[in-house]
Amino acid sequence: MAGRGQMKRRGTLRLMAACAAALAAPRVLALTGSADAQARLSQAQSRAFQAWMLRIISAQIEQGPSPRWQHRDCAGLVRFAVNEALSAHDAKWMRANGIASDRRLPPELDLTPPQAALRNRWVQGDGKVGHFVTALALVQHNSRFVAREISQALPGDLLFYDQGDEQHLMVWMGAHIAYHTGTVTPTDNGLRTVDIQQLTTWKDTRWQPAVNNPNFAGVFRLSFLS
């Protein structure tokens, strides 16, 4: 049976989803703090950011984790991809991340100083801002609820699961879903990809992104995106 803390956390997540679904316009679901309105990305910048985020995650899957990615778990993958997507993607950055310059690369974001300052500025559970944030605080304080229907997800959106003692994030990549298991061994870097058909029919139903799955809190979008 779930403890009081687990029940309270799940109740909070369900309340977040219910409140957001009741509003016609999306809003930032933050208990404390939110991205400064002036630091929000424009629609064009948001599209470029999402493309860079997916390119960076794809590079981790194709080439293995970058040495620049220090904290390797599901939330760490999101933090790393977001921070690198908000970086200036010059030749030095390309070399450091093992990404070749070619026509497939997204356009630069051309961020203003306040927008660039979003890097490593995560709102934490106590309202403080820092370079680290848990999976739960990432969706509660740094994202807005989109829907519980996976059909509403856009590339770069986050799928959030509450498994009681642990919370987990996956990234919607468009054609598939990427995530980190949270476990690393000498022969397994923990990175996984799965297509939506596989995930919706997953044997362990706790991981199915379905409306009737109480462990699936829904789809969330980073709050600084337009």
Side-chain angles (χ1 to χ4, degrees), residues 1-23 26-27 29-31 50 53-54 57-58 60-62 65 71-82 125 133-185 187-223:
M1 181 178 293
R4 291 183 179 178
Q6 296 174 16
M7 293 174 67
K8 182 178 180 181
R9 181 169 56 248
R10 290 189 179 185
T12 299
L13 290 171
R14 292 193 184 101
L15 179 61
M16 290 168 63
C19 290
L23 298 176
R27 63 187 178 94
L29 294 175
L31 300 183
Q50 291 162 325
M53 183 177 175
L54 268 59
I57 292 176
S58 295
Q60 309 312 300
I61 294 168
E62 295 166 3
H71 192 186
R72 296 179 186 172
D73 60 10
C74 65
L77 174 62
V78 174
R79 293 195 307 271
F80 173 76
V82 169
V133 70
T134 64
L136 180 61
L138 206 157
V139 297
Q140 279 190 329
H141 304 284
N142 299 271
S143 304
R144 62 178 181 269
F145 177 78
V146 175
R148 295 200 71 205
E149 294 79 14
I150 193 66
S151 61
Q152 301 301 307
L154 295 178
D157 282 350
L158 309 176
L159 311 186
F160 184 73
Y161 296 83
D162 184 358
Q163 303 295 6
D165 291 337
E166 297 181 353
Q167 292 76 45
H168 195 70
L169 291 170
M170 298 183 182
V171 181
W172 178 256
M173 303 284 285
H176 57 279
I177 295 149
Y179 63 97
H180 193 284
T181 62
T183 302
V184 177
T185 70
T187 58
D188 184 355
N189 61 28
L191 287 166
R192 299 285 190 275
T193 59
V194 60
D195 63 43
I196 185 60
Q197 183 176 3
Q198 289 176 297
L199 196 58
T200 54
T201 58
W202 207 258
K203 185 176 181 180
D204 186 344
T205 57
R206 297 178 305 158
W207 298 105
Q208 293 180 3
V211 173
N212 61 353
N213 176 12
N215 299 98
F216 177 58
V219 178
F220 291 79
R221 188 165 299 148
L222 293 165
S223 58

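Positions are given from 1, in the same order as the sequence printed here.
- Of all non-hydrogen atoms in Arg148 and Ala210, the two that sit nearest each other are NH2-O, 3.8 Å.
- The shortest distance between side-chain heavy atoms of Leu77 and Leu191 falls below 4.5 Å.
- Annotation for Ala75 and Ala135: closest pair CB-N, 3.7 Å, computed over non-hydrogen atoms.
- Scored by the side chain to side chain donor-acceptor pair (under 3.5 Å) test, Asp188 finds Arg192 as partners (sequence neighbours excluded).
- The salt bridge (Lys or Arg N to Asp or Glu O under 4.0 Å) contacts involving residues 197-222 comprise Asp157-Arg221, Asp204-Arg206, where partners must be two or more places apart or lie in separate chains.
- The main-chain N or O of Phe220 is never found under 3.5 Å from a side-chain atom of Arg144 such that the two would form a donor-acceptor pair.
- Shown here for Arg79 and Leu138, the closest heavy-atom pair between the two residues is CG-CD1, 4.4 Å.
- In this structure Tyr161 satisfies the ring-ring contact (aromatic ring centres under 6.0 Å, His included) test together with Trp207, Phe216, sequence neighbours excluded.
- Looking at every heavy atom in both residues, Gly174 comes nearest to Pro155 through CA-CG, 4.4 Å.
- Atom SG of Cys74 is separated from atom CD of Gln167 by 9.0 Å, given to the nearest 0.5 angstrom.
- His168 places none of its side-chain heavy atoms less than 4.5 Å from the side chain of Phe160.
- Scored by the side-chain contact (heavy atoms from CB on, under 4.5 Å) test, Val194 finds Ile177, Tyr179, Gln198, Leu199, Trp202 as partners (sequence neighbours excluded).
- Between the side chains of Asn215 and Gln163, at least one donor-acceptor pair of N or O atoms lies under 3.5 Å.
- Applying the side-chain contact (heavy atoms from CB on, under 4.5 Å) test to Ile61 and every residue at least two apart in sequence or in another chain returns Ile57, Ala178, Thr193.
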| side chain to side chain contact (heavy atoms under 4.5 Å, CB included) between Ile196 and Trp172, worked out | CA-CA 9 Å; Ile196 185 60; Trp172 178 256; 4.0 Å; yes
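- Taking CG of Leu169 as the reference point, atom CG of Leu159 lies at 8.5 Å (rounded to 0.5 Å).
- Here the shortest heavy-atom pairing between Thr134 and Ala137 reads OG1-N, 3.1 Å.
- Here Leu158 contributes atom CG and Leu222 contributes atom CG; the two are 5.0 Å apart, rounded to the nearest 0.5 Å.
- The shortest distance between side-chain heavy atoms of Asn213 and Thr205 does not fall below 4.5 Å.
- Remark: the backbone N or O of Asn189 is paired with a side-chain donor or acceptor of His180 at under 3.5 angstrom.
- When all heavy atoms of Thr201 and Gln208 are compared, the closest pair comes out as C-NE2, 3.8 Å.
- For Arg72, the side chain to side chain donor-acceptor pair (under 3.5 Å) criterion is met by no residue, not counting sequence neighbours.
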